[in-house]
Amino acid sequence: MTDSLKNLKLIEKAAFQDDLIEWFAKEQRILPWRKDQDPYKVWVSEIMLQQTRVDTVIPYFNRFIEQFPTLEDLADADEEKVLKAWEGLGYYSRVRNLQSAVKEVREKYGGTVPNTKDEISTLKGVGPYTAGAILSIAYGIPEPAVDGNVMRVISRILSIWDDIAKPSTRKIFEKAIEELISHDNPSYFNQALMELGALICTPTTPSCLLCPVRDHCHAFHEGVEKELPIKTKAKKQRLIRLAAVVIKDSDGNTVIHKRPSSGLLANMWEFPNVEISLPFLREKSHIQGLLLEQLGIEVKLGKNVGQIEHVFSHLKWDIQVFEGELLTPIREADDLKYATLESIDAYPFPVSHQKIIKQYYKYS
DNA sequence: AAGGCGGGGAT
DNA sequence: ATCCCAGCCTT
């Protein structure tokens, strides 16, 4: 760890801070969450930005703040509406944790987002990065906010060759930032590092000739900027085979199912479906049996009307889609409802099942 | 420490 | 196809 930071004391700290912050002041993008420093809005933006690009987040952020302008509005909102506002963003536990945390802030802190590392870190979904981001951006407190951008930028500046895929490595970068961060403007300092990572110090082909801190960068001077950061690769997805059914009865209704409250796509809605554990067990009679056993739906499967492939970070779905006719009315419940292909719009659906809707409309 | 947890854009 | 993204939680 000490050896990883052997170049830290060689940095001209004041000049590095000035060059970085001056660049950010001039070149920063105009983004909706930069209009003010409302801790609630900073918080929402930071949660949305986890593992998600700026361009993807912008329209979601605008709609979300329009729908839930204050912390109290979000605390009071119906979870289904909140999930719907997040639909398509992914990692849905982010927003379920956010709403839970917002309720806690209202009850325990009188609606004021806490401004200490210890307190804010106890909130659901607020980890080391998000805690540092909110504290520095909303409250001007000099805390490190180490994300993927910062690890890439700092690994190059300081020529750090530790594997950034290892959880323990983050502490090395936090230590570096604690030493380097500007106490005059910690907000701009942290944002500048991330903005630099997004615009200049990019993963494969960094634009070093445009970089405001090139003169401070050890990797650039050693000509190794493209070799950093070191990151071991992820493993590939495992394949899950599913059969889904779009039920149509004589009244034009279909049937939708709400997923369990934990695990993958928690509390999201979907077309009834079952996993076909063995690839050869694709007979309609077998699938009908599984639908009855697992969901209590007695259905006669018709034509295979489509096939969906959907890739997650850790698995891949292959969904065979069938038309189906309901043999017995469903037992309506909190997790099983009738819907028309139009009223489905009101329910939060994962993208994989939105694809089914699209394909089905094209087919029919 | 390792794996679960979404989805889209860049290369 | 592969990587990466303003990561966190559970085990």
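Excluded from the calculations below are hydrogen atoms, water molecules and symmetry mates; all remaining heavy atoms, backbone and side chain alike, are included. All chains are named by letter (A, B, ...) in the order of the sequence lines, taking the proteins before the strands, and each is independently numbered beginning at 1.
Note on H314(A): a side-chain N or O is less than 4.0 Å away from OP1 or OP2 of dC5(B). OP1 or OP2 of dC5(B) has not a single side-chain nitrogen or oxygen of R96(A) nearer than 4.0 Å.
In this structure, CG of L315(A) is placed 14 Å from P of dG3(B), rounded to the nearest angstrom. Between the CD1 atom of I319(A) and the C1' atom of dG6(B) there is a distance of 13 Å, rounded to whole Å.
Among the atoms of the strands shown, only primed sugar atoms or phosphate atoms (P, OP1, OP2) are found under 4.0 Å from some heavy atom of R152(A). Here K235(A) lies in heavy-atom contact (under 4.0 Å) with sugar-phosphate atoms only. Residue contacts for V54(A): at a heavy-atom cut-off of 4.0 Å it reaches a base atom on one of the strands shown. Residue W86(A) is classed as having no contact, given no heavy-atom separation below 4.0 Å to the nucleic acid. If you check every strand for non-hydrogen atoms under 4.0 Å, G197(A) touches nothing. Across all strands, R34(A) comes closer than 4.0 Å to base atoms (heavy-atom distances). Within 4.0 Å (heavy atoms only), S45(A) reaches no atom of the nucleic acid at all.
If A133(A) and K124(A) are placed on DNA chain C by their nearest nucleotide, the residue sitting closer to the 5' end is A133(A).
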Produce the list of close N/O pairs, under 3.5 Å, pairing protein atoms with atoms of nucleotides 7-11 of chain B; give distances to one decimal.
{"unit_1": "dG7(B)", "atom_1": "OP1", "unit_2": "Y92(A)", "atom_2": "OH", "d": "2.8"}
{"unit_1": "dG7(B)", "atom_1": "OP1", "unit_2": "V351(A)", "atom_2": "N", "d": "3.1"}
{"unit_1": "dG7(B)", "atom_1": "OP2", "unit_2": "H310(A)", "atom_2": "NE2", "d": "2.8"}

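The closest side-chain donor-acceptor pair between E80(A) and W269(A) falls under 3.5 angstrom.
Reading DNA chain C from its 5' end, the first and the last nucleotide to sit under 4.0 Å from a heavy atom of chain A are dC3(C) to dC9(C).
With sequence neighbours excluded, no residue satisfies side-chain hydrogen bond (donor to acceptor under 3.5 Å, both in side chains) with K231(A).
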